[in-house]
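Right, one structure below, let's go through it.
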Amino acid sequence: HTLRPTPTSQPTPVTSLAMAAFEDLFGVTLQGKAGDISTAQALAGKAGVLVYFSAHCSPPCRAFTPKLAEFHTKHAAAKSFETVFVSSDGDQAAFDKYYGEMPWLALP
């Protein structure tokens, strides 16, 4: 007999084992809008983490980013998820300009 989540059940927050895996993947700090934040602090209690690989030089990425930003802004708090941007931009200036349009965290 297995338990099945009901549509009203809440997602399970990230476990300490999963958090260690995120620190292995992302490193111990992420870049937030107000500066660096520890990965553990940024992702603590989150039910999910979206990893967004993108680059300013890609027209399809630039077209999709505003849609994802709107989705993130509307749902991240209520659904308890965080988005982490992984840039494929070739230089810091391109990263800074593109990341300026995003409401989430990034790899530093």
Side-chain angles (χ1 to χ4, degrees):
H1 185 163
T2 58
L3 294 176
R4 296 173 197 222
T6 63
T8 59
S9 67
Q10 295 296 314
T12 305
V14 173
T15 65
S16 59
L17 181 60
M19 187 59 66
F22 282 124
E23 287 181 340
D24 286 345
L25 181 65
F26 297 138
V28 295
T29 59
L30 292 168
Q31 182 175 334
K33 293 301 183 177
D36 288 349
I37 183 171
S38 79
T39 301
Q41 181 183 355
L43 304 180
K46 299 297 181 190
V49 178
L50 286 66
V51 182
Y52 182 42
F53 295 87
S54 186
H56 185 263
C57 61
S58 167
C61 290
R62 284 195 320 271
F64 178 70
T65 297
K67 294 175 172 97
L68 182 59
E70 180 181 356
F71 176 84
H72 176 95
T73 301
K74 285 182 180 177
H75 301 289
K79 299 293 184 184
S80 187
F81 69 84
E82 185 56 75
T83 305
V84 178
F85 171 53
V86 180
S87 176
S88 294
D89 288 311
D91 59 60
Q92 188 66 42
F95 167 84
D96 292 342
K97 180 178 180 181
Y98 196 35
Y99 182 54
E101 304 169 13
M102 301 174 183
W104 45 68
L105 302 170
L107 287 182

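All values derive from a computational prediction rather than experimental measurement.
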key: Under the side chain to side chain donor-acceptor pair (under 3.5 Å) test, residues paired with D36 that sit two or more places apart   = none
message = According to a hydrophobic-cluster definition based on side-chain heavy atoms being under 4.5 Å apart (Ile, Leu, Val, Met, Phe, Trp, Tyr only), do V28 and F85 belong together?
response = no
inquiry  = Is there a continuous path of hydrophobic side-chain contacts, each under 4.5 Å between heavy atoms, that joins I37 to V86?
reply    = yes
inquiry  = Run the side chain to side chain contact (heavy atoms under 4.5 Å, CB included) test against L25 and tell me which residues pass, sequence neighbours left out.
reply    = none
task = Locate the shortest heavy-atom distance separating L105 from G32; write the atom from each residue and the value.
result = CD2-CA, 3.7 Å
For E70, side chain to side chain contact (heavy atoms under 4.5 Å, CB included) partners two or more places apart = K74
ask   = Under a single-linkage definition using a 4.5 Å side-chain heavy-atom cutoff for Ile, Leu, Val, Met, Phe, Trp and Tyr, are V84 and F53 assigned to the same hydrophobic cluster?
value = yes
task = Can you run down the side chain to side chain donor-acceptor pair (under 3.5 Å) pairs that involve residues 51-62, sequence neighbours left out, and say none if there aren't any?
result = Y52-S54, Y52-T65, S54-Y98
request  = Just jot down the side chain to side chain contact (heavy atoms under 4.5 Å, CB included) partners of D91, sequence neighbours excluded, or say none.
outcome  = A93, A94
request  = Report whether V49 and M102 are members of the same hydrophobic cluster (ILVMFWY, side-chain heavy atoms less than 4.5 Å apart, transitive linking).
outcome  = no
remark   = Residue set satisfying ring-ring contact (aromatic ring centres under 6.0 Å, His included) with F81, at least two apart, ordered chain then number -> F71, H72
S80 versus G45, closest heavy-atom pair with distance = OG-O, 3.2 Å
remark   = Residues pairing under side chain to side chain donor-acceptor pair (under 3.5 Å) where one sits in residues 99-108, two or more places apart or in two chains, turn out to be none
ask   = In terms of hydrophobic clusters joined by side-chain contacts under 4.5 Å, are L68 and V51 together?
value = no
request  = Would you mind listing every ring pair (Phe, Tyr, Trp, His ring centres under 6.0 Å) that reaches into residues 28-47, with sequence neighbours excluded?
outcome  = none
ask   = Of all residues at least two apart in sequence or in a different chain, which pass the side chain to side chain contact (heavy atoms under 4.5 Å, CB included) check with S88?
value = A55
message = Tell me whether T39 contacts the main-chain N or O of G27 through its side chain, where contact means a donor paired with an acceptor under 3.5 Å.
response = yes
